[in-house]
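Only one structure is covered here, and it is reproduced in the block below.
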Amino acid sequence: MSEDNAAFLSCCASCGIAEVDELKLKECTDCDLVRYCSDECLKEHSTYHKEACVKRAAELRDELLFKQPESSHLGDCPICFIPMPLDLKKLIMHSCCSKVICNGCSHANKIREAEASLENKCLFCREPAPFTDEEVDKQRMKRIEMNDQAAMAFQGLVHLNKGDYRSAFEYYARAAELGEMEAHCKLAEMYRVGDGVEKDRGKHLHHLEEAAIGGHPTARYNLGCGEERNGDIKRAAKHWIIAATQGNDHSIKALMKYFKKGCVRKDDLAAALRAHQAAVDATKSVQREAAEEWQLRMKSV
């Protein structure tokens with residue numbers, strides 16, 4: 001920050017009063033360009049500041065939106081600490097504690113329990129595994145009462161699969177407020193098609209962006225597709241590159257499509273391909289491969 005900017009921010013943008021120990025200035029709630037000594041000054045200056053504020057707020061949003069997430073929204077398996085695969089079919093959620101475990105750790109634990117004739121317990125919290133669907137539902141509702149966002153999102157999925165869109169929306173909304181990225185992604189789709197709620201393009205985009213910022217690669221890919229429909233291939237490619245580095249296959253296909261059209265640079269595509277492969281390789285393990293082989297054998301029986 002330059003000395004001039006620092007001096008400007010040390011004074012109220014409306015009345016010019018300087019910040020002192022007894023008087024603390026507050027930043028504009030939407031941008032970082034100006035500060036005010038009171039709500040009255042903020043209101044008086046809003047007409048002069050509005051245009052610059054809107055422009056800067058959009059710039060700040062883009063900085064946040066296009067920042068590369070450290071990992072996908074799924075993070076690492078809490079048992080083996082290897083990044084989770086993006087395929088949700090390869091994950092197991094325990095209703096007792098709402099922890100999501102990779103199929104490799106779950107399969108290895110089942111083998112260990114069978115060989116030692118041990119009771120089937122949750123691999124994370126060690127609670128005995130429920131025997132009936134009623135017990136599973138009871139455990140999940142108990143977690144929801146404790147404001148467990150993952151349990152809320154799963155309950156939303158239960159209602160969604162039943163066609164009860166209103167109840168699904170309510171659970172997803174609660175989970176999203178608590179920071180559940182999958183819930184944000186589901187809400188975006190519900191606002192897009194109007195399931196359980198009126199269609200709202202603005203809210204659809206908001207939830208899609210929140211999910212993408214939180215590391216959801218599918219939401220990020222969909223944002224790219226939205227920019228593609230708007231004719232902004234440059235922004236679309238930026239979204240797809242980020243999603244590709246998280247292991248999203250669809251984004252790689254989209255980048256290759258526009259590389260052939262001359263809209264994506266060769267170096268950018270090559271870097272995305274390398275990062276995509278690295279992300280996919282990072283999710284592999286001997287235990288996960290064994291789990292997949294076992295599942296294939298079970299399907300063939």
Look at atom [atom1] of [X] and say whether more than 12 heavy atoms of other residues, nucleotides or ligands are closer to it than 6.0 Å.
| X | atom1 | answer |
| --- | --- | --- |
| Glu63 | CD | yes |
| Glu119 | CD | yes |
| Gln68 | CD | yes |
| Met298 | CE | yes |
| His250 | NE2 | no |
| Met256 | CE | no |

Do [X] and [Y] have side chains that approach each other closer than 4.5 Å (heavy atoms only, starting at C-beta)?
| X | Y | answer |
| --- | --- | --- |
| Thr132 | Asp137 | no |
| Phe124 | His94 | no |
| Ser251 | Ile241 | no |
| Ser72 | Pro83 | no |
| His73 | Pro217 | yes |
| Asn120 | Pro128 | no |
| Ile82 | Cys102 | no |
| Ile17 | Cys11 | no |

Hey, quick one: are [X] and [Y] part of the same hydrophobic cluster, counting side-chain heavy atoms closer than 4.5 Å, chains of contacts allowed?
| X | Y | answer |
| --- | --- | --- |
| Leu88 | Phe154 | yes |
| Ile242 | Leu223 | yes |
| Val286 | Trp294 | no |
| Val136 | Met141 | no |
| Met146 | Ile144 | no |

At what distance, to the nearest 0.5 angstrom, does [atom1] of [X] lie from [atom2] of [Y]?
| X | Y | atom1 | atom2 | result |
| --- | --- | --- | --- | --- |
| Leu269 | Tyr258 | CG | OH | 14.5 Å |
| Glu170 | Asp164 | CD | CG | 8.5 Å |
| Leu33 | Asp30 | CG | CG | 10.5 Å |
| Tyr221 | Ile252 | OH | CD1 | 12.0 Å |
| Thr283 | Arg288 | OG1 | CZ | 6.0 Å |
| Arg126 | Leu123 | CZ | CG | 6.0 Å |

For [X] against [Y], the heavy-atom pair lying closest together:
| X | Y | result |
| --- | --- | --- |
| Met84 | Asp76 | CG-C, 3.9 Å |
| Ala176 | His184 | O-NE2, 3.3 Å |
| Cys96 | Gln139 | N-OE1, 3.4 Å |
| Met93 | Ala151 | CE-N, 3.8 Å |
| Cys31 | Leu60 | CA-CD1, 3.9 Å |
| Asp148 | Cys97 | OD2-O, 3.9 Å |

Is there a donor-acceptor pair under 3.5 Å between the side chain of [X] and the backbone N or O of [Y]?
| X | Y | result |
| --- | --- | --- |
| Gln246 | Gly215 | yes |
| Ser46 | Lys43 | yes |
| Asn230 | Asp232 | no |
| Ser300 | Arg297 | yes |
| Glu113 | Lys121 | yes |

Exercise. When you look at Leu74 and Leu91, which way does the side chain to side chain contact (heavy atoms under 4.5 Å, CB included) test go after all the steps?
Worked result: CA-CA 10 Å; Leu74 298 170; Leu91 308 179; 4.0 Å; yes
Polar side chain donor-acceptor pair, [X] to [Y], under 3.5 angstrom:
| X | Y | answer |
| --- | --- | --- |
| His216 | Glu182 | yes |
| Asp249 | His276 | yes |
| Tyr36 | His45 | yes |

Output yes when [X] and [Y] qualify as a salt bridge under the 4.0 Å nitrogen-oxygen rule, no when they do not.
| X | Y | answer |
| --- | --- | --- |
| Arg35 | Glu19 | yes |
| Arg56 | Glu59 | yes |
| Glu189 | Arg192 | yes |
| Asp267 | Arg265 | yes |

For this session: Linking directly or through intermediates, with side-chain heavy atoms under 4.5 Å: list the remaining ILVMFWY members grouped with Tyr191, chain and number order.
Result: Leu157, Leu160, Tyr165, Phe169, Tyr172, Leu187, Met190, Val197
Problem set entry | Connected hydrophobic set around Val280, excluding itself, where side chains approach under 4.5 Å | none
Exercise. What residues form a side-chain contact (heavy atoms from CB on, under 4.5 Å) with Ser71, not counting sequence neighbours?
Worked result: none
For this session: Begin from the C-alpha positions of Asp268 and Leu255 and carry the test side chain to side chain contact (heavy atoms under 4.5 Å, CB included) through to its verdict.
Result: CA-CA 9 Å; Asp268 291 337; Leu255 289 170; over 6 Å; no
For this session: Using the salt bridge (Lys or Arg N to Asp or Glu O under 4.0 Å) rule, collect all pairs that involve residues 208-227, keeping only residues at least two apart or in two chains.
Result: Arg61-Glu209, Arg61-Glu210, Glu227-Arg235
For this session: Scan residues 82-94 for pairs that pass salt bridge (Lys or Arg N to Asp or Glu O under 4.0 Å), counting only residues two or more places apart or in two chains.
Result: Lys90-Glu292
Exercise. Step by step, would you call Lys257 with Glu228 a salt bridge (Lys or Arg N to Asp or Glu O under 4.0 Å)?
Worked result: CA-CA 12 Å; Lys257 171 185 174 182; Glu228 178 188 25; 3.4 Å; yes
Exercise. Going through the distances and angles, do Asp32 and Leu9 end up as a side chain to side chain contact (heavy atoms under 4.5 Å, CB included)?
Worked result: CA-CA 9 Å; Asp32 57 0; Leu9 288 175; over 6 Å; no
Exercise. Which residues satisfy the salt bridge (Lys or Arg N to Asp or Glu O under 4.0 Å) test with Glu177, sequence neighbours excluded?
Worked result: none
Problem set entry | Trace of the side chain to side chain contact (heavy atoms under 4.5 Å, CB included) decision for Arg166 with Asp195 | CA-CA 8 Å; Arg166 190 63 215 173; Asp195 284 341; over 6 Å; no
